[in-house]
Visitor: 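This is the structure, below, for whatever I ask next.
Every chain is numbered from 1, with letters handed out A, B, ... down the list of sequences.
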Protein chains: 2
Amino acid sequence: MAELLRVQGYGATGVKQVAAAAQAPIGSIYHHFPGGKREIAAAVLRTTGAAYIQLVPLLLDPYDDLVAGVGAFFEAAADDMENTGWANMCPVGTVTGEVADSEPGIRAVAAEVIGSWVDDASAYLVGRGVADPDARAVVFAMLGSLEGAFILSRGLRSSEPLRAAGRAMAAYVATVPQGAPARS
Amino acid sequence: MAELLRVQGYGATGVKQVAAAAQAPIGSIYHHFPGGKREIAAAVLRTTGAAYIQLVPLLLDPYDDLVAGVGAFFEAAADDMENTGWANMCPVGTVTGEVADSEPGIRAVAAEVIGSWVDDASAYLVGRGVADPDARAVVFAMLGSLEGAFILSRGLRSSEPLRAAGRAMAAYVATVPQGAPARS
DNA sequence: CTCCGAATAGAACGATCGCTCTAGAGCGAT
DNA sequence: ATCGCTCTAGAGCGATCGTTCTATTCGGAG
């Protein structure tokens, strides 16, 4: 279950717990996911990965100014964290940090998901006038900054890291050369 | 043991394992750390926190130009990760992300450590001419960017996120107003 | 030398976890 | 009606983990 993995992490969520949350017996879980916990986690990462990438155009399209959009993106994340009591926001980041060195299969899936995020998001930025090699670097910087700020904010129970990251990334994006947006 | 917690995380390192690494029996571990695994982790976080903060002046002092120093800081981290085979670099970030929502005591210690990092590092930046409220935001942005890039680089087995983060933070730091460095 | 707290030493316990195994319910095809 | 297959259902297994317990050794004070 995506929600459990997101708020609890990989190690802390048991398969009995996801069975209970899904109102399904353990046998059914293992029937549909013969690969066990690893396969469940991989499926969750893939589906949440596909869902989260849609947030990028959704949150950025309303802003003609990309710099303002980036700032608003981080502010929205900060507000969400405050309102949920500092709940974990991104299962991909948490799970990656947790099992990157102990679960090679899950790490590979996480790498897939992150890679597709970077591809899609940088294509979006190119569509908004950012030059191609720059776009990829911008996405890496923003994604890293976001994931890191999530951790700091959860640890400190404060939105200050997230908001500082947003201002920093907005200032950074303002420095990268930006042509006219491609027509849609 | 600091090294084990850094490369393996909190959940994945057992106290029997740290006993073996310390060449001490389990009884001795629990004699010196009656609080058990939690107390051991707290001690590790505090000591590594105190050690890591010293890296800031150590790595930044050689650079008269703060922007160049920031870039070199991230490049050094990227080189380290490559040379160690993408080993985890910062136990504080990993442990925080892992247990922030399940171990309140450890989370509090991590918050202490991160808070002292921010205090010390922003004091250093003020000493180098960054205005006071800006300095704190810069430190939060850099620390978050660093921790997030660690996760991405470990997941992707690539230093690209770390190097992109370094270029982004250098560009950002270049935009914050900077007075003359205070005399030392 | 005697004594006593500190530290060492590791066997053993209870809990938990991922997973397997067996049993049966549901259901379309023949 | 009967077969065969998918899916449900959960008890139970083996392994592992953090922790506790008892026994023993060490070393300085009296």
Side-chain angles (χ1 to χ4, degrees), chain A residues 1-48 88 91-92 94-110 113 155, chain B residues 1-48 88 91-92 94-110 113 155:
Chain A
M1 187 50 178
E3 180 118 347
L4 286 173
L5 204 70
R6 178 173 63 91
V7 304
Q8 296 187 340
Y10 181 78
T13 75
V15 339
K16 292 186 181 176
Q17 193 181 7
V18 327
Q23 299 188 43
I26 308 179
S28 300
I29 300 286
Y30 278 91
H31 177 79
H32 292 287
F33 299 92
K37 190 180 184 183
R38 274 171 267 254
E39 186 179 347
I40 299 173
V44 167
L45 289 188
R46 275 190 239 266
T47 62
T48 57
N88 197 356
V92 178
T94 323
V95 172
T96 301
E98 198 176 347
V99 304
D101 300 317
S102 57
E103 294 279 355
I106 300 181
R107 197 229 84 219
V109 173
V113 171
Chain B
M1 187 51 177
E3 180 116 347
L4 287 174
L5 205 70
R6 178 173 64 89
V7 304
Q8 296 187 339
Y10 181 78
T13 74
V15 340
K16 293 185 181 177
Q17 194 181 7
V18 327
Q23 298 188 44
I26 309 179
S28 299
I29 299 283
Y30 277 90
H31 178 80
H32 293 287
F33 299 93
K37 191 181 184 182
R38 274 172 267 256
E39 186 178 347
I40 299 172
V44 167
L45 289 187
R46 275 190 238 268
T47 61
T48 56
N88 195 355
V92 178
T94 322
V95 172
T96 302
E98 198 177 345
V99 305
D101 300 317
S102 57
E103 294 280 354
I106 300 180
R107 200 229 81 218
V109 172
V113 170

Visitor: Taking the minimum atom-to-atom distance to the side chain of A:Ile26, which one of C:dT20, C:dT8, D:dG18 wins?
Guide: C:dT20
Visitor: Could you tell me how far apart A:Tyr30 (OH) and D:dA11 (C1') are, to the nearest whole angstrom?
Guide: 15 Å
Visitor: How many whole angstroms separate atom CD1 of A:Ile29 from atom P of C:dC17?
Guide: 15 Å
Visitor: Would you check if A:Arg6 and A:Thr94 make a side-chain contact, meaning some heavy-atom pair closer than 4.5 Å?
Guide: no
Visitor: Taking CD in A:Glu3 as the centre, count heavy atoms belonging to other residues, nucleotides or ligands within less than 6.0 Å. Is the count above 12?
Guide: no
Visitor: Quickly work out the B:Ile106 CD1 to D:dG18 P distance and round it to whole Å.
Guide: 11 Å
Visitor: Check the distance between C:dC17's C1' and A:Gln8's CD and give it to me in whole angstrom.
Guide: 14 Å
Visitor: Please give the nucleotide sitting opposite C:dA29 as a Watson-Crick or G-U wobble pair, both distances under 3.5 Å, or none.
Guide: D:dT2
Visitor: Could you check which of D:dT8, C:dC19, D:dT19 has an atom nearest any side-chain atom of A:His31?
Guide: D:dT8
Visitor: Return the value, rounded to whole Å, for the distance between atom CD of A:Gln17 and atom P of C:dG18.
Guide: 9 Å
Visitor: Which of these nucleotides, D:dG10, C:dC17, C:dT8, is closest to any side-chain atom of A:Lys16?
Guide: C:dC17
Visitor: Measure the spacing between OH of A:Tyr10 and CZ of A:Arg38 and express it to the nearest 0.5 Å.
Guide: 5.5 Å
Visitor: Round to a whole Å and report the spacing from CG of B:Leu4 to C1' of D:dG18.
Guide: 16 Å
Visitor: Answer with base, sugar-phosphate or nothing: what part of the nucleic acid does B:Val15 contact at a heavy-atom distance below 4.0 Å?
Guide: base
Visitor: Are the side chains of A:Val7 and B:Asp101 in touch, meaning some heavy atoms are under 4.5 Å apart?
Guide: no
Visitor: For a quick check of understanding: with a heavy-atom distance under 4.0 Å over all strands, which category does A:Gly27 fall into, base, sugar-phosphate or nothing?
Guide: base
Visitor: Let me know the distance between CZ of A:Phe33 and P of D:dT8, rounded to the nearest Å.
Guide: 11 Å
Visitor: Could you tell me if the side chain of B:Ser102 sits less than 4.5 Å from the side chain of A:Gln8, heavy atoms only?
Guide: no
Visitor: At under 4.0 Å, does any side-chain N or O of A:His32 touch on OP1 or OP2 of D:dT8?
Guide: yes
